[in-house]
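A quick write-up on the structure given underneath.
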Amino acid sequence: MTHPIIESFLRHSIERKDYQVVRQFLEEFQPADLCDLIQQESLPTALDILKFLSYERRARVFGYLPNTLQEQLAAEMSDDDVSLLLKHMDADEGADLLNLLPEERHDGVLRSIARKEREDLRRLASHSEGTAGAIMTSDYAAIPAHVKVSEALNIVRTTAPGAETIYQVFVTDGQHQLLGTVSLRELILAPQTAKIQDIMTTDIVTVSVDAAQEDAAKIISRYDLLALPVIDSESRLVGIITYDDAMDVAEAEATEDMHKSATIGNLDGNFRDARLLTLYRKRIVWLILLVFGNLFSGAGIAFFEDMIAAYVVLVFFLPVLVGSGGNAGSQAATLVIRGLATGDVDLKDWGRLLGRELVIASGLGLTMAMAISMVGHFRGGDEIALVVGLSMVSIVIVGSLVGMCLPFILNRLGWDPATASAPLVTTIADSAGVLIYFSIATAILGLPV
């Protein structure tokens, strides 16, 4: 985040037309920091700041900006200005920007771009959102298998300025099929007369162009890759996904899962810039559903109205007991959801995890019951202590099993397990807790006369 004094200085320098001062001032910032600065400013000021940057820096800064702001800025730019941005942006970021533009602007923006780059942009922009193809870049270093190391190094030197990474070089044949890979370190250390086909690694980890982008991110993380080659149905190399792109995907997926776990719809953009109506719409649906879900708790309390009137002391323990069930269920749900997301657990593990959770929940419930039953003894005697203790054990077990099973059920139905959020688990556990508590109380204390 930038300091208000810095923002004020920059704004006043632009207003005074001290352009040389502004250019020198902006040179001191890293592109990511300039992104933060631009987001603090109004749209006209943000456009002014971008104009003071060289085309290369402007493109790099633009790539850091959120999509919503990119779309707003591009709408105020001429086709020529956007075209210059696309020429200097990384291919994958340029494709994303092209997708943000209205269809009718595409021809005007792409007209002045070289044919090969124009075709690359259109091809990258054509992949469905959420797939590996949508986040890959065509800016990579590729060499033939039959050349010598000295020739390969010359090819890498030629392609290096436009490549997103040269630390991993890909080996292809005349049909652009992926044959292997070789690291820059291996190229430097290998004998200059050695052939690439003799030193390349043929055991390659790849991903399909139509695979989900989160699967690609998991592969990069699992195998510690700098770049993951993306292939089509005929095993031809069509692009690569770099580690930084995988990190962006992982962050986006984690954010989406956190929103779902809080029963919030996915936000198209960041929270700070989201509109009031958007935030309202993303939150209200689940809140309304949970309101009706909580009515079951109220109905349970109303059903045991006579019991509550006869033993008012039971009300004292009600929030503690149902809250404990919800908390235990939320913990169990979180562990299962994360396990499903990372691939640590699968549907076939459900039976084993159910038995283990039953043992763990029993232990948790007994420990909590010993603590709360002492309070029950002082508040209402031995019978109340017994009611509270047994209820705590039962409610924690039920809440934990609900929290563990619900993500598996949603996953089996083809829904995102993250939907088994804390509020949803808590609502179910609360309703069950009320029924369990007063049922046990009725069985031990008897019905009031």
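Just so you know, these numbers use all the heavy atoms, side chains as well, and skip hydrogens, waters and symmetry mates. Everything numeric in this text was worked out from a predicted model, so none of it was measured. Numbers here are sequence positions counted from 1.
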Can any side-chain N or O of Arg236 pair as donor or acceptor with the backbone N or O of Gln177 at less than 3.5 Å?
no

Set out, in order, the CA-CA distance, both residues' side-chain angles and the distance that settles side-chain contact (heavy atoms from CB on, under 4.5 Å) for Glu71 and Leu101, then state yes or no.
CA-CA 7 Å; Glu71 187 175 8; Leu101 298 175; over 6 Å; no

Atom pair CG (Asp215) and OG1 (Thr131), whose distance is rounded to the nearest 0.5 Å
11.0 Å

Taking the side chain as C-beta and beyond, is there a heavy-atom pair between Ile219 and Val205 under 4.5 Å?
yes

Check against side-chain contact (heavy atoms from CB on, under 4.5 Å), Leu358 and Leu401:
CA-CA 7 Å; Leu358 182 60; Leu401 295 183; 4.2 Å; yes

Could you grab the distance from atom CD1 of Ile395 to atom CG of Asn327, nearest 0.5 Å is fine?
12.0 Å

What's the verdict on side-chain contact (heavy atoms from CB on, under 4.5 Å) for Val61 and Phe29, showing C-alpha distance, side-chain angles and the deciding distance?
CA-CA 10 Å; Val61 171; Phe29 286 85; over 6 Å; no

Using side-chain heavy atoms (C-beta onward) and a distance below 4.5 Å, is Val238 in contact with Ser138?
no

Hey, is the main chain of Ala217 close enough, under 3.5 Å, to the side chain of Ser221 for a donor-acceptor pair?
no

Backbone N or O of Asp79 within a donor-acceptor pair of the Ser83 side chain at under 3.5 Å?
no

Tell me the closest heavy-atom pair linking Gln213 and Ile135, and the distance in Å.
OE1-CG2, 3.3 Å

Side chain to side chain, Ile204 and Pro229, heavy atoms closer than 4.5 Å:
yes

Please check: side-chain N/O of Asp232 versus main-chain N/O of Glu234, any donor-acceptor pairing under 3.5 Å?
yes

Test log, rule salt bridge (charged side-chain N to carboxylate O under 4.0 Å, His left out), inputs Arg60 and Glu56
CA-CA 6 Å; Arg60 288 193 64 195; Glu56 291 79 7; over 6 Å; no

Student check: side-chain heavy atoms of Leu53 and Leu34 closer than 4.5 Å
yes

Regarding Ser439 and Thr442, do their side chains bring together a donor and an acceptor under 3.5 Å, going by distance alone?
no

Go through Leu353 and Phe408 one step at a time and tell me if the side-chain contact (heavy atoms from CB on, under 4.5 Å) criterion holds.
CA-CA 11 Å; Leu353 292 178; Phe408 281 113; 3.7 Å; yes

Looking only at the side chains, is there a donor atom on one of Ser78 and Asp81 sitting less than 3.5 Å from an acceptor on the other?
yes

Hey, what do you get for CD1 (Ile384) to CZ (Phe316), rounding to the nearest 0.5 Å?
12.0 Å

Of all heavy-atom pairs linking Ala163 and Ala141, the shortest is CB-N, 4.3 Å

Mind running salt bridge (charged side-chain N to carboxylate O under 4.0 Å, His left out) on Asp107 and Arg122 for me, showing each step along the way?
CA-CA 11 Å; Asp107 290 339; Arg122 288 191 182 279; 3.1 Å; yes

Side chains of Leu43 and Leu69, heavy atoms from C-beta outward: is any pair under 4.5 Å?
yes

Near Glu129 CD, under 6.0 Å, is it more than 12 heavy atoms from other residues, nucleotides or ligands?
no

Is any side-chain heavy atom of Asn411 less than 4.5 Å from a side-chain heavy atom of Leu340?
yes

Is any side-chain heavy atom of Val209 closer than 4.5 Å to one of Ile231?
no

Enter the distance from Ile440:CD1 to Leu386:CG here, rounded to the nearest 0.5 Å.
9.0 Å

What is the minimum heavy-atom distance between Cys35 and Tyr64, and which atoms define it?
SG-O, 3.4 Å

Under a plain distance cut-off of 3.5 Å, with no hydrogens placed, do Thr242 and Asp245 share a side-chain donor-acceptor pair?
yes

How long is the span from the OG atom in Ser128 to the CG atom in Asp210, to the nearest 0.5 Å?
7.5 Å

Backbone N/O of Phe62 and side chain of Gln70: donor-acceptor pair under 3.5 Å:
yes

Between Asp346 (side chain only) and Asp349 (backbone N and O only), is there a donor and an acceptor less than 3.5 Å apart?
no

Asp203 and Thr201: side chain donor to acceptor below 3.5 Å:
no

Would a 4.5 Å heavy-atom cut-off, applied to side chains only, mark His127 and Met136 as touching?
yes

Donor-acceptor contact below 3.5 Å, side chain His88 vs main chain Leu84:
yes

Heavy atoms of Met392 and Gly365 approach each other most closely as CG-O, 3.9 Å

Considering non-hydrogen atoms only, spot the tightest contact between Gly94 and Leu121 and give its length.
C-CD2, 3.7 Å

Residues Val425 and Gly329: closest non-hydrogen pair is CG1-C, 3.5 Å

Taking Asp139 for its side chain and Ala91 for its backbone only, find out whether a donor-acceptor pair lies under 3.5 Å.
yes

Would you check if the side chain of His106 reaches a backbone N or O of Leu98 as a donor-acceptor pair within less than 3.5 Å?
yes

Quick one: which of Phe438, Tyr437, Tyr311, Phe317 gives a side-chain contact (heavy atoms from CB on, under 4.5 Å) with Val387?
Tyr437

Between Glu186 (side chain) and Ser183 (backbone), is there a donor-acceptor pair under 3.5 Å?
yes

Kindly compute the distance separating SG (Cys405) from CG (Leu410), expressed to the nearest 0.5 Å.
11.0 Å

